[in-house]
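This structure is a prediction, so every number in the text was calculated from the model and none was measured.
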Amino acid sequence: ILLTLAKAVADGTIRLSRRVALLFTEYEEIGHGGANLPDGIRDLVAVDIGCVGPDHDSDEHKVTICAKDASFPYHTDLFSELIALAEKSGAPYALDMMLPRYGSDADVALRAGYDVRHALIGPGVLETHGYERTHTDALNATLTLLTALVS
């Protein structure tokens, strides 16, 4: 999703309305992910997954906008802005909380002391850390929401 966004920016299909840095990280569950951010970051939107399954409202045909995970509630204003952007852009979305053990790079950034508005979005995905299943609808919805955010 991030590489598709970067290619669209490079091709001139998407014009950025803000400074954007793409970070590809690993190990968010153990605290490495967002611990080192470029200077001047105001908003950190982690792109990961929305868990599909019992006790979750995520959908493998939609982008998930996460309200809270095991560590923190996400930034209320940015959360609300993402909902408004999804509605305006027509990106099908689901709201969910990722509990009890889920964390994101946005959490890591807060623990590292960054003062950023933080959020988590991602395609609805069944299973994780192995054979993950989603639908292209969810990938496209996530890209649509990211495009609305940065353009």
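Note on Leu143 and Val9: same hydrophobic cluster, where clusters join Ile, Leu, Val, Met, Phe, Trp and Tyr whose side-chain heavy atoms are under 4.5 Å apart, directly or indirectly. Placement of Val63 and Val45 within a single hydrophobic cluster is found when ILVMFWY residues are connected by side-chain heavy-atom separations under 4.5 Å, directly or transitively. Placement of Ile14 and Leu3 within a single hydrophobic cluster is found when ILVMFWY residues are connected by side-chain heavy-atom separations under 4.5 Å, directly or transitively. Under the 4.5 Å side-chain contact rule for hydrophobic residues, Ile41 and Leu22 do not share a cluster. By the rule that hydrophobic residues join a cluster once side-chain heavy atoms approach within less than 4.5 Å of another member, Val47 and Leu16 end up as members of one cluster.
With rounding to the nearest 0.5 Å, the separation of CG in Asn140 from NE2 in His61 is 12.0 Å. Annotation: the span from Asp105 atom CG to Leu120 atom CG amounts to 9.0 Å, rounded to 0.5 Å. Here the straight-line distance linking atom OG1 of Thr4 with atom CG of Leu146 works out to 10.5 Å at 0.5 Å rounding. Here the NZ-CD1 distance, from Lys62 to Ile121, works out to 15.5 Å after rounding to the nearest 0.5 Å. The distance from atom SG of Cys51 to atom NE2 of His56, rounded to the nearest 0.5 Å, is 5.0 Å.
You'll find the side chain of Asp59 stays beyond 4.5 Å of the side chain of Tyr93, heavy atoms only. When side chains are defined from C-beta on, Lys68 counts as touching Leu99, because their heavy atoms get closer than 4.5 Å. Using a 4.5 Å heavy-atom cutoff, the side chains of Leu110 and Phe72 are in contact. Under the 4.5 Å side-chain criterion, counting only non-hydrogen atoms from C-beta, Arg117 is in contact with Arg42. Two residues are said to be in side-chain contact when any heavy atoms from C-beta on lie closer than 4.5 Å; Asp96 and Ile65 fail this criterion. With a 4.5 Å cut-off on side-chain heavy atoms, Asp57 and Leu95 do not count as touching. Between Ile83 and Glu87 the shortest side-chain heavy-atom distance falls below 4.5 Å.
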Tell me, with the steps shown, if Asp48 and Ser104 meet side chain to side chain donor-acceptor pair (under 3.5 Å). CA-CA 8 Å; Asp48 200 332; Ser104 75; over 6 Å; no
Full working for side-chain contact (heavy atoms from CB on, under 4.5 Å) between Asp43 and His75: CA-CA 10 Å; Asp43 293 339; His75 193 278; over 6 Å; no
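Nearest heavy atom pair, residue Ser58 against residue Ala94, reads CA-CB, 4.1 Å. For Ser17 against Leu149, the heavy-atom pair with the smallest separation is OG-O, 4.5 Å. Pairing each heavy atom of Leu145 with each of Ala91, the nearest pair is N-CB, 4.2 Å. Closest heavy-atom contact between Pro123 and Thr134: CB-OG1, 4.1 Å. Residues Cys66 and Phe79 share a closest heavy-atom pair of O-CD1, 3.5 Å. Heavy-atom minimum distance, Leu78 versus Ala119: CD2-CB, 3.6 Å.
Remark: Asp115 engages no residue in a side chain to side chain donor-acceptor pair (under 3.5 Å) (not counting sequence neighbours). Tyr74 pairs by the ring pair (Phe, Tyr, Trp, His ring centres under 6.0 Å) definition with His118, not counting sequence neighbours.
Using modelled atom types, no side-chain atom of Asp107 and backbone atom of Gly103 make a donor-acceptor pair closer than 3.5 Å. In terms of modelled atom types and a separation under 3.5 Å, the side chain of Asp11 and the main chain of Thr13 share no donor-acceptor contact.
Among residue pairs with one or both ends in residues 142-151, none qualify as side chain to side chain donor-acceptor pair (under 3.5 Å); sequence neighbours excluded.
Checked options Ile49, Leu139, Thr64; the residue passing with Val125 is Ile49 (criterion: side chain to side chain contact (heavy atoms under 4.5 Å, CB included)).
Crowding of Arg18 atom CZ: a count of heavy atoms from other residues, nucleotides or ligands under 6.0 Å exceeding 12.
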